[in-house]
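Everything on this sheet refers to the single structure shown next.
Chain letters run A, B, ... following the sequence lines, proteins first and then strands; every chain starts at 1.
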Amino acid sequence: MARARIRVLVAKPGLDGHDRGAKIIARALRDAGMEIIYTGIRQTPEMIAEVALQEDVDVVGLSILSGAHLELFPLIMEQLKQKGVDGVIVIAGGIIPEEDFPALYHMGIKAIFGPGTPTQQIVDYINKVMAEKAKS
Amino acid sequence: MARARIRVLVAKPGLDGHDRGAKIIARALRDAGMEIIYTGIRQTPEMIAEVALQEDVDVVGLSILSGAHLELFPLIMEQLKQKGVDGVIVIAGGIIPEEDFPALYHMGIKAIFGPGTPTQQIVDYINKVMAEKAKS
Amino acid sequence: MVDTLYTPEDIAGLDYGDSLGYPGEYPFTRGVQPTMYRGRLWTMRQYSGYASAEESNRRYRYLLEQGQTGLSVAFDLPTQIGYDSDHPLARGEVGKVGVPVDTLEDMETLFQGIPLDKVSTSMTINATAPILLAMYIAAAKRQGVDIAKLDGTTQNDILKEYIARGTYIFLPRHSMRLTTDIFAYCSKYLPRWNTISIGGYHIREAGSTAAQEVAFALANGIAYVQAAIDVGLDVEAFAGRISWIFQTHNNLFEEIAKLRAARRLWAKVMRERFGAEDARSCMFRTHIQTGGSTLVAQQPLNNIVRATIQTLAAVLSGIQSLAVASYDEALCLPTEEAVQLSLRTQQIIAYESGVADTVDPLAGSYYVEFLTDTLGAEIKRYIEKIDSLGGAVAAIEQGYQQREIQESSCRYQSEVESGKQVVVGVNKFTSPYPKLTRLLRVDPGVERKQKERLARVKGNRDQAKVVASLKNLEEVARTGENTMPAFLECVEAYATIGEMCDILRRVFGVQREFLVF
Amino acid sequence: MVDTLYTPEDIAGLDYGDSLGYPGEYPFTRGVQPTMYRGRLWTMRQYSGYASAEESNRRYRYLLEQGQTGLSVAFDLPTQIGYDSDHPLARGEVGKVGVPVDTLEDMETLFQGIPLDKVSTSMTINATAPILLAMYIAAAKRQGVDIAKLDGTTQNDILKEYIARGTYIFLPRHSMRLTTDIFAYCSKYLPRWNTISIGGYHIREAGSTAAQEVAFALANGIAYVQAAIDVGLDVEAFAGRISWIFQTHNNLFEEIAKLRAARRLWAKVMRERFGAEDARSCMFRTHIQTGGSTLVAQQPLNNIVRATIQTLAAVLSGIQSLAVASYDEALCLPTEEAVQLSLRTQQIIAYESGVADTVDPLAGSYYVEFLTDTLGAEIKRYIEKIDSLGGAVAAIEQGYQQREIQESSCRYQSEVESGKQVVVGVNKFTSPYPKLTRLLRVDPGVERKQKERLARVKGNRDQAKVVASLKNLEEVARTGENTMPAFLECVEAYATIGEMCDILRRVFGVQREFLVF
């Protein structure tokens, strides 16, 4: 936990190609001093978990706009668990109706950032949970 | 009941001065062959009932846009009754929320025509009820 | 009739300097300020008031919190026609279309916690304008505000009440005197106050065309200026404080052209007819309220689309102040959500649409310049006609404007009924639509409470002072002195609006309707 | 940067004939038809499709009943990327952002009861465009419709998929071949079909500026025309069937100027670069979809205001077809009410606002003409830059457009975060707002049902025919013959989209992402 920079995987699960938000977040986190692994579009749950493992990341950020989050996120959480990287902090963004938040929290997603969230808020969130994690 | 032309009083109760609708209706009924008594604005319930009596009208059309219908219409119906002209057909128009319709029907208003009603529909309505009245 | 195509040939005669000129310079076709919205955005001022002074005060504070930059007070009909809330003619009307104000106490409550030197307030009040202005001044004094700093507008345009809106009380010549009393008083004591807001809004609402809307308002304006000159006021002393209120309808370019034409025409009227030299005296500064009667009950969210088009028309034409009608207005008083959306409409256009980035962006357009000229010529013909009838007052007494409006209103109605004029959701593209579930209703207890309040105020005041002040008002009304100080005295003694108006009704006589049908 | 004021001096160099000309005449700045909307209104065509072919068919019939004048099909992501609904990669995506179409049977269901010779249909489909077009042709034949009468559009614009939207499958050169196969096939058999709709929409959606949106789309257009010429097609035989899709954002005048500039530039590209003589080959005909990414989740009714401004921008710029994004799109798929309001927005602007009464009403405006020239020059510089990189395909492979867009996107984001760019309800004038209660959710059972349906179709078809047709497709793909007849044969044998694409993936190879970050 004593490494210099927080490592974040920014991933786009599913088939949707709208990567504007993911790229903005990725760049904002990088500008905030984090190390970013950006996967590009069309990542399967298996691929995402594999990269999270290989790259030994602290945080996985999932961006999805196609509405497939309720189907794909459980598969991703499952894959992370199978690969033994379920200790990472998983956060999500995109077009996700508020009524889906409880189900997503329940499956272990730690935070959900809707459209219009200032990027600084996400930076702050990650810094805060990483600091808490370091303490515990 | 065998007189040639239907006599209609078009009245604006209350203090509101928006007479565009009342004048359009008055003119449309006149163009449809009815005899129109148009009172102008700011008519009290007493004045309206008195004109209805004096002019021996068949129909009283009330136009109101100020929202005072639930207060003023009962007073008008009461005055018509007191003057013994409660046989006339009373209809209403203006800005009247649909949820008030039951109360207005209950106090004896026969029909309510909201904004956007084609004038022909009002003409037809009056002709129809007058024909029914003649038969009975 | 609009042509299919306009090209440079259609404006071949346009002389830039004479017809348009630079913004901030005579004849102000391109706007009255050199930088327009770049310097300062228009004032966002939603028309609002209902139920009671407390409730309306709450709404004003809400609107200011939401980013509104000015206030606009709607008064209820008894207040506008000079009846106390306990008058028999006030039955059912108290607090319905605006806030009831019987005495100074109501006015104080209305602006509780709103510093009157920091906000500009427009009051839609006409026959009783001097009384409400006196109350506003008195309320400001009680807040400790220097009245020279008061910024705002009294509508004070009685002539259009005879033509279209109906809240007149007295005979026109007496009304005109009250109007010019405000001009004279304010030029001395309230230098920043817009003493009148001459209106086309209600003329259009009654069914006029765009050209009639402007023409009849300008003709009224000419009558006010003439009346003020006739009572000895110097044109430069009051003309700079004249303001206007118009509406914008759905026809985007007609509305823009109408207002550009009005600006140019009024400048020329002031300079050429009245010899005003001061540029400020020639400036046509206007408030716009988007057209209430264009909103329909059917498919109410469609009204948001209409209001947006109308707001764009207003902003693109170069204005000073704006209120956007709310989408639920064809059904009820605007709810808080609906009025917030009206304000957001203004804010989106101000901050997101880019149309405020440059002055008079349509200038030079073959179509818009042609239309500006064409409408200008039509407006001019109407003004000449009214001149030939003896001016606006004489024409009103002959029912001229009323008849013209009624013709237009009936023509429009028959175009709607024949389907020639489409109204989406009404005569075409009709369909079932979800009802609005949140309608604003005025609590029926409001009238009773207002009467109780009035009784309490009357019980607590110094009766002798009331009697004396009213007696003084009666004398002043008879002699022809400026009535404003007398009103102020009455108001500060907590005389009621009904008490004051009863005296004036006795002295001035009451105008019956100029019944045109 | 916009100046405070524009005057005749700003357009002193404007030569009417050369820069504007008459509508319907080269260079078409004022529009491609001489009478524009006076002759015929634009086609109202809401983008729509979700859940299943049955459900989408119901929505199309609803929209046609509501007065919509064309159809626009949204396909789900598996269909766009060539996977059957039962493919592992389709998990969770079936029916989500559009309708799933696995086989001809789905296409038949989609247009059940909608006569394909009476309606024009636009299909947002790119990598798999020839397959979906083949299905559409086959469905029309089964309806007994003469395919020469088919009217509509296949988006078929693969280059912007690499740049911005992501639904590519193959390497660019193979994709370009499929694109030109459609050009060639349609010029013979579907003379009224718009063979391509080259898009700026998605480029803007990815965060580009207005100038980039047009420039990158035009550069792609140049690449398609060159590719078609390179495979031996006569420019006059296909250029007249090229169409475009752009978006309109909130900046009213920039959007109008952008599209006027695009029209003029494309005409000049076609004539000067490609030697097109036929006026029709030089016409820039465009569909507009108002900007989806300008809509925000906060205070959703505000989006109606934005969509209205954007719709006005589209209509004022002179277009052929229009879809208005729905106010709930930042939250969910558009509900029926929201999509009705989008259509009503178009109808109110068409029938009530008067802006369709005259052609190109802003022509001549000092500001708009200046801006048209300025944006035109900026677009031209981008095209020259792309030329210097070896054309659109080479530039994409180098990541040029992607990088430019990302720069713009990040610049915009930082302007929003700093408050320099106001987004009402998001970074200014925020306030609590009532949640939308009616959100459209796709039934989670849709995916299972679609898989069952696919299994049933596969169970009932003539397997030998399928195998033979797929074998033929493979051969044709390898040899370079026109693939369209082979697709048609496969489709009519009820081969699935996944089966056909698997063959093509094998023959053509698969493109990995040009990762720019």
Side-chain angles (χ1 to χ4, degrees), chain C residues 2-8 11 16 22-23 30 34-36 38 66-67 250-254 294 299 301-302 304-309 312 337 340-341 343-345 347-349 351-355 357-369 422-425 428-429 431 433-434, chain D residues 2-8 11 16 22-23 30 34-36 38 66-67 250-254 294 299 301-302 304-309 312 337 340-341 343-345 347-349 351-355 357-369 422-425 428-429 431 433-434:
Chain C
V2 179
D3 284 336
T4 301
L5 186 68
Y6 294 86
T7 70
I11 56 164
Y16 183 81
Y22 291 93
R30 303 197 64 184
T35 59
M36 287 300 294
R38 291 273 283 236
Q66 294 296 317
N250 289 328
N251 192 308
L252 185 74
F253 293 112
E254 185 174 60
T294 66
Q299 304 173 12
L301 294 188
N302 288 355
I304 303 172
V305 177
R306 296 185 177 99
T308 302
I309 297 169
L312 269 174
E337 284 107 56
Q340 186 196 88
L341 189 60
L343 190 54
R344 295 286 177 264
T345 303
Q347 291 161 337
I348 288 169
I349 287 174
Y351 294 99
E352 297 186 17
S353 79
V355 301
D357 288 348
T358 190
V359 174
D360 191 27
L362 300 188
S365 149
Y366 314 129
Y367 178 45
V368 172
E369 294 300 354
V422 170
V423 183
V424 170
K428 198 172 173 120
F429 310 120
S431 56
Y433 49 94
Chain D
V2 179
D3 284 336
T4 301
L5 186 68
Y6 294 86
T7 70
I11 56 164
Y16 183 81
Y22 291 92
R30 302 197 64 184
T35 59
M36 286 300 294
R38 292 274 283 235
Q66 295 296 317
N250 289 326
N251 192 307
L252 185 73
F253 294 112
E254 184 174 62
T294 66
Q299 305 173 12
L301 295 188
N302 288 355
I304 303 172
V305 176
R306 296 186 177 99
T308 302
I309 297 168
L312 269 173
E337 284 108 53
Q340 187 196 86
L341 190 61
L343 190 53
R344 295 288 179 261
T345 302
Q347 290 161 337
I348 288 170
I349 287 174
Y351 293 99
E352 297 186 18
S353 79
V355 302
D357 288 349
T358 191
V359 174
D360 191 27
L362 300 189
S365 149
Y366 314 130
Y367 178 45
V368 172
E369 294 300 356
V422 170
V423 182
V424 170
K428 198 174 173 119
F429 310 119
S431 56
Y433 51 94

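Contacts between D/E337 and chain C at a heavy-atom distance below 4.5 Å involve the side chain alone, from C-beta outward. Contact of C/L312 with chain D is made through the side chain alone, with heavy-atom distances under 4.5 Å. For D/L301, the parts sitting under 4.5 Å from any heavy atom of chain C are the backbone and the side chain alike. Contact of D/D3 with chain C is made through the backbone alone, with heavy-atom distances under 4.5 Å. Of the two parts of D/T294, neither the backbone nor the side chain holds a non-hydrogen atom closer than 4.5 Å to a non-hydrogen atom of chain C.
For the set D/L343, D/V359, D/T35, the entry with the most heavy-atom pairs within less than 4.5 Å of chain C is D/V359. Among C/P23, C/P361, C/G67, the residue with the largest count of heavy-atom pairs under 4.5 Å with chain D is C/P361. Highest contact tally toward chain D, considering only C/G425, C/P434, C/P34, is held by C/P434 [criterion: heavy-atom pairs under 4.5 Å]. Put simply, of C/M36, C/E254, C/K428, C/Q66, the one with the most heavy-atom pairs under 4.5 Å next to chain D is C/Q66. Interface check for chain D: of the options C/I348, C/V423, C/V368, the most heavy-atom pairs under 4.5 Å are formed by C/I348. Across C/I309, C/I304, C/L5, the residue that shares the most heavy-atom pairs under 4.5 angstrom with chain D is C/L5.
The OG1 atom of C/T345 lies 10.0 Å from the CZ atom of D/R306; values are rounded to the nearest 0.5 Å. One finds the OH atom of C/Y351 at 15.0 Å from the CG atom of D/N250 (value rounded to the nearest 0.5 Å). Taking OH from D/Y433 and CG from C/L341, the interatomic distance works out to 14.0 Å, rounded to the nearest 0.5 Å.
Looking only at distances, a side-chain donor or acceptor of C/R344 sits under 3.5 Å from a matching main-chain atom of D/F429. Of the possible donor and acceptor atoms, none in the side chain of C/T4 sits under 3.5 Å from a partner among the backbone N and O of D/T358.
The heavy-atom pair separating D/E352 from C/V422 by the smallest distance is CG-O, 3.4 Å.
Considering only heavy atoms from C-beta on, C/N302 stays 4.5 Å or farther from D/Q347 through its side chain.
Partners of D/Y6 under the ring-ring contact (aromatic ring centres under 6.0 Å, His included) rule, at least two apart in sequence or in another chain, are D/Y367, D/F370.
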